[in-house]
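Heads up, the thing below is written out as structure tokens.
Quick note: numbers below take in every heavy atom, side chains included, and nothing from hydrogens, waters or symmetry partners. We name chains A, B, ... by the order of the sequence lines, and we start the count at 1 in each one.
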There are 2 protein chains.
Amino acid sequence: MQLPVNKCHGYARAVPKPEVDSTASLELGVDRSSPVPLYFQLSQQLEAAIERGALTPGSLLGNEIELAARLGLSRPTVRQAIQSLVDKGLLVRRRGVGTQVVHSQVKRPLELSSLYDDLEAAGQRPATEVLANVLEPAPAQVAAALQIAEGAQVHRIERLRLTHGEPMAHLCNYLPTGLFDLDSGQLAATGLYRMMRAAGITLHSARQSIGARAATAEEGERLDEPPGAPLLTMQRTTFDDTGRAVEYGTHTYRPSRYSFEFQLLVRG
Amino acid sequence: MQLPVNKCHGYARAVPKPEVDSTASLELGVDRSSPVPLYFQLSQQLEAAIERGALTPGSLLGNEIELAARLGLSRPTVRQAIQSLVDKGLLVRRRGVGTQVVHSQVKRPLELSSLYDDLEAAGQRPATEVLANVLEPAPAQVAAALQIAEGAQVHRIERLRLTHGEPMAHLCNYLPTGLFDLDSGQLAATGLYRMMRAAGITLHSARQSIGARAATAEEGERLDEPPGAPLLTMQRTTFDDTGRAVEYGTHTYRPSRYSFEFQLLVRG
DNA sequence: ATAGTCAGGTTGTCCGGACAAAGGATTGAC
DNA sequence: GTCAATCCTTTGTCCGGACAACCTGACTAT
């Protein structure tokens, strides 16, 4: 498989093993005075190198020992950097072989993302129309999802998301009171998740359900679809890192203009 | 928060700090003669304890140093065990505070799972009807997804999945030739992913797209739905750890009988 | 009473080393 | 020439220790 390359390895260390260490030509280095962890610096540099194509898919990374020595780091630190990229699905390790850049196109392993951010990343310049922003007693289903008493006061936010002037999704969200103030102006200008993060809430996990159903007359009118037209639906409950439910949403999408696309990894 | 449970266990080890170490009353231990890694043994035991409720949500885990000493392990090993559970979303670490069991209900963070396994786990006893299992030239879209030449031979498998005697989903899958033999009998008795794993293929990642559309007359007849009824659709390309595309599938589901439910974590 | 300071406890990061396990390639025997 | 045994390389696991960063609660000074 490997041609017998003319290995004239005297001391003239003219590229010792060029075909088995793609990091040799990379300029890697860490800043020990920086507060950002060394393993993180390294993993970011490697990820950037993969991103811009300096590390091509399938190329070997060179063994950890040598890499550590070259960077003046310990092997555990280098391993931690590599491991984080393995967890992201960018690298694959094989005992006895080495670490190589994964072959396929891995974009993003499905983050807990907001529709607004998704659209903005796609260059769609989304517009938002706030249809409602009120306080009201929680219906039974909402109270159950948010783990609060039925009838307790909750915020109800209804929004219409448009792209290119056309409606794309109808978003109905319920939030517990007292988390942060819900300014309608901000709601129109940015996404809900961004507002929550800005308010110091660290999102942890979400439970989602994606389905489909026929549009009611009211739904059809909102989204500019005929009654009975297929709609893509999503319900989601979001939790912060203390386990509190911080948001429950019911969304409907026009399937001609939106679909859920994501990448997922097998969990080791 | 935690009542001081009266644990009369043996020689008066009168629970040093009962409210700050919920693992104290657990019987944890590792088998050093086992080939399974120590950190994995520990993480499994902790996960099982969480699963069965021995470790209640919000309870502290006790500091790593002491836990390591109690088990006769080193701190890095204990950390590795805990870290794997943090990655799964079962635990939350806070510097200066400790490690605690996450409060919310985290079931499964969206694995790369097969419909068959999902149904079986739900106790549905799925049935499969193999409608087609043939070799044919790859259409353009399939060839692009599988990264092979257009017109190259591929397997086409069409199946109908039923629960309680009613059709639930129509599955159309394309596979490259030469991976493994596709026995129709096995296809009817188990899932495609299980067959692939059994054939030594290690799945790595998949790219999915979930949408909705109205049923055509043919689709409606297959799934016992009227034409124009809303259907839930999913396309998926699966890759193995070498980056090869090993499967491309187009599935349609009856939304009244199936929806995608999953949990997702914010990636740190 | 309030605010700032300090100390204790816990996780985060990093180091250096050691041996085991697995895969590939070479070598040897037949 | 083919197959098996062996060696080498590389990652996997594990250890023990050290210091830094951070949070909490108590204490002190205002």
Tell me: [atom1] of [X] to [atom2] of [N], nearest whole Å?
| X | N | atom1 | atom2 | result |
| --- | --- | --- | --- | --- |
| B:I82 | D:dC14 | CD1 | C1' | 16 Å |
| A:F40 | C:dC14 | CZ | P | 11 Å |
| A:L38 | C:dG16 | CG | P | 12 Å |
| B:N63 | D:dC23 | CG | P | 18 Å |
| B:E66 | C:dG8 | CD | P | 18 Å |
| B:Q100 | C:dT10 | CD | C1' | 13 Å |
| B:R79 | D:dT13 | CZ | P | 17 Å |
| B:L67 | D:dC15 | CG | P | 12 Å |

With respect to the side chain of [X], which nucleotide from [options] is positioned closest?
| X | options | result |
| --- | --- | --- |
| B:R93 | C:dG12, D:dC15, D:dT11 | C:dG12 |
| A:Q80 | D:dC15, C:dT10, C:dT13 | C:dT13 |
| B:L73 | D:dC23, C:dC15, D:dC15 | D:dC15 |
| A:T77 | D:dC23, D:dT11, C:dC14 | C:dC14 |
| B:R95 | C:dC15, C:dG24, C:dT10 | C:dT10 |
| B:P76 | D:dT11, D:dA21, D:dG16 | D:dG16 |

Counting only side-chain N and O atoms of [X], is one of them less than 4.0 Å from OP1 or OP2 of [N]?
| X | N | value |
| --- | --- | --- |
| A:T99 | D:dT11 | yes |
| B:Y39 | D:dT13 | yes |
| B:R75 | C:dT13 | no |

**Request:** Applying side chain to side chain contact (heavy atoms under 4.5 Å, CB included) between B:L146 and each of B:L175, B:V154, B:V246, report the one that passes.
**Result:** B:V154
**Asked** Given the rule in the side-chain hydrogen bond (donor to acceptor under 3.5 Å, both in side chains) test, do A:R93 and A:Q83 qualify, once you have shown the distances and angles that lead to the verdict?
**Response** CA-CA 9 Å; A:R93 291 214 243 221; A:Q83 187 60 46; 2.6 Å; yes
**Message:** What's B:R94 touching, base or sugar-phosphate or nothing? Going by heavy atoms closer than 4.0 Å.
**Reply:** sugar-phosphate
**Request:** Give A:P37 one of three labels, base, sugar-phosphate or nothing, depending on what nucleic acid heavy atoms sit under 4.0 Å from its own.
**Result:**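 Answer is sugar-phosphate: A:P37 comes under 4.0 Å of backbone atoms only.
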**Item:** B:T238/B:Y193 under side-chain hydrogen bond (donor to acceptor under 3.5 Å, both in side chains): CA gap, chis, key distance, verdict
**Value:** CA-CA 10 Å; B:T238 311; B:Y193 275 18; 2.8 Å; yes
**Message:** Under a 3.5 Å cutoff, is there a donor and acceptor pairing between the side chains of B:Q147 and B:R244?
**Reply:**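 No pair is found: no donor N or O on one side chain lies under 3.5 Å from an acceptor on the other.
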**side-chain hydrogen bond (donor to acceptor under 3.5 Å, both in side chains) evaluation trace for B:T202 with B:D241** = CA-CA 6 Å; B:T202 58; B:D241 56 358; 2.7 Å; yes
